[in-house]
Amino acid sequence: MKIQGYKAVITYDPDIALFRGEFVDLNGSADFYAADVEGLKREGEVSLKVFLDVCREKGMESRKAFSGKFNVRIPAHLHADIVSAATAQGKSLNQWITEALSREVGV
């Protein structure tokens with residue numbers, strides 16, 4: 001779900017019989033609960049507004065900063081297979097992985 005351009009992941013909590021939304025690209029934590037989609041949108045707007053107001057008051061950036069770098073541990077045989085696949089396509093390992101990840105998230 002996106003609210004004002006901010007991404008939220010929605011899960012269901014069976015213990016309380018409510019959906020839980022959690023913003024994933026914030027420089028902090030903001031979540032919200034509701035029984036239906038309209039309620040999630042409404043509660044998400046409220047939660048985001050509170051978070052953004054606090055950020056303004058404290059002079060903080062609202063979005064988490066990403067460096068573009070991350071380390072991943074994978075099995076050695078998978079690493080070898082990925083290098084072979086990238087080389088066969090005439091791509092660097094970085095290019096190949098970037099394209100694969102982009103396809104996976106639909107970018």
Do [X] and [Y] make a side-chain contact, defined as non-hydrogen atoms from C-beta onward lying under 4.5 Å apart?
X     : Y     : result
Ile10 : Val37 : no
Ser29 : Phe51 : no
Ser84 : Thr87 : no
Ile82 : Ile74 : yes

From [X] [atom1] over to [Y] [atom2], what is the distance, rounded to the nearest 0.5 angstrom?
X     : Y     : atom1 : atom2 : value
Phe23 : Leu52 : CZ    : CG    : 8.5 Å
Leu78 : Arg73 : CG    : CZ    : 15.0 Å
Asp25 : Lys2  : CG    : NZ    : 8.5 Å
Lys64 : Asn27 : NZ    : CG    : 8.0 Å
Trp96 : Asn94 : CH2   : CG    : 12.5 Å

With a cut-off of 6.0 Å (strictly less than), are more than 12 heavy atoms of other residues, nucleotides or ligands near CG of Asp53?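 For Asp53, atom CG is crowded (more than 12 foreign heavy atoms under 6.0 Å).
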More than 12 heavy atoms of other residues, nucleotides or ligands under 6.0 Å from CD of Gln4: is that the case?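 Counting neighbours around CD of Gln4, more than 12 heavy atoms of other residues, nucleotides or ligands fall under 6.0 Å, so yes.
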Which heavy atom of [X] sits nearest to which heavy atom of [Y], and what is that distance?
X     : Y     : result
Ala30 : Leu26 : CB-CD1, 3.6 Å
Cys55 : Ser62 : SG-CA, 3.8 Å
His79 : Leu93 : NE2-CD2, 4.0 Å
Gly44 : Ile3  : CA-CD1, 3.6 Å

Leu18 and Tyr12: side chain to side chain contact (heavy atoms under 4.5 Å, CB included), yes or no, with the steps? CA-CA 6 Å; Leu18 291 173; Tyr12 182 72; 5.8 Å; no
Cluster check Phe66, Met60: I/L/V/M/F/W/Y, side chain < 4.5 angstrom: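 No, Phe66 does not connect to Met60 through the hydrophobic network.
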Is it the case that the side chain of Ser47 and the backbone of Glu43 share a donor-acceptor pair, with hydrogens and angles ignored and the cut-off at 3.5 Å?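 Between the backbone of Glu43 and the side chain of Ser47 there is no qualifying donor-acceptor contact (under 3.5 Å).
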Side chain to side chain contact (heavy atoms under 4.5 Å, CB included) assessment of Val9 paired with Val24: CA-CA 7 Å; Val9 172; Val24 294; 3.4 Å; yes
Kindly confirm or rule out a cation-pi arrangement of Arg63 over Tyr6, judged by NZ or CZ under 6.0 Å from the six-membered ring centre and within 45° of its axis?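 Geometry flag: set, cation within 6.0 Å and 45°.
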Derivation of the side chain to side chain contact (heavy atoms under 4.5 Å, CB included) call for Ile97 and Val72: CA-CA 11 Å; Ile97 291 172; Val72 179; over 6 Å; no
Between Phe32 and Phe19, is the ring centroid distance below 6.0 Å?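 No.
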Which residues satisfy the salt bridge (charged side-chain N to carboxylate O under 4.0 Å, His left out) test with Lys7, sequence neighbours excluded?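 So Lys7 forms no salt bridge (charged side-chain N to carboxylate O under 4.0 Å, His left out) with any residue.
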Go through Gln89 and Gln95 one step at a time and tell me if the side chain to side chain donor-acceptor pair (under 3.5 Å) criterion holds. CA-CA 10 Å; Gln89 294 177 21; Gln95 287 173 306; over 6 Å; no
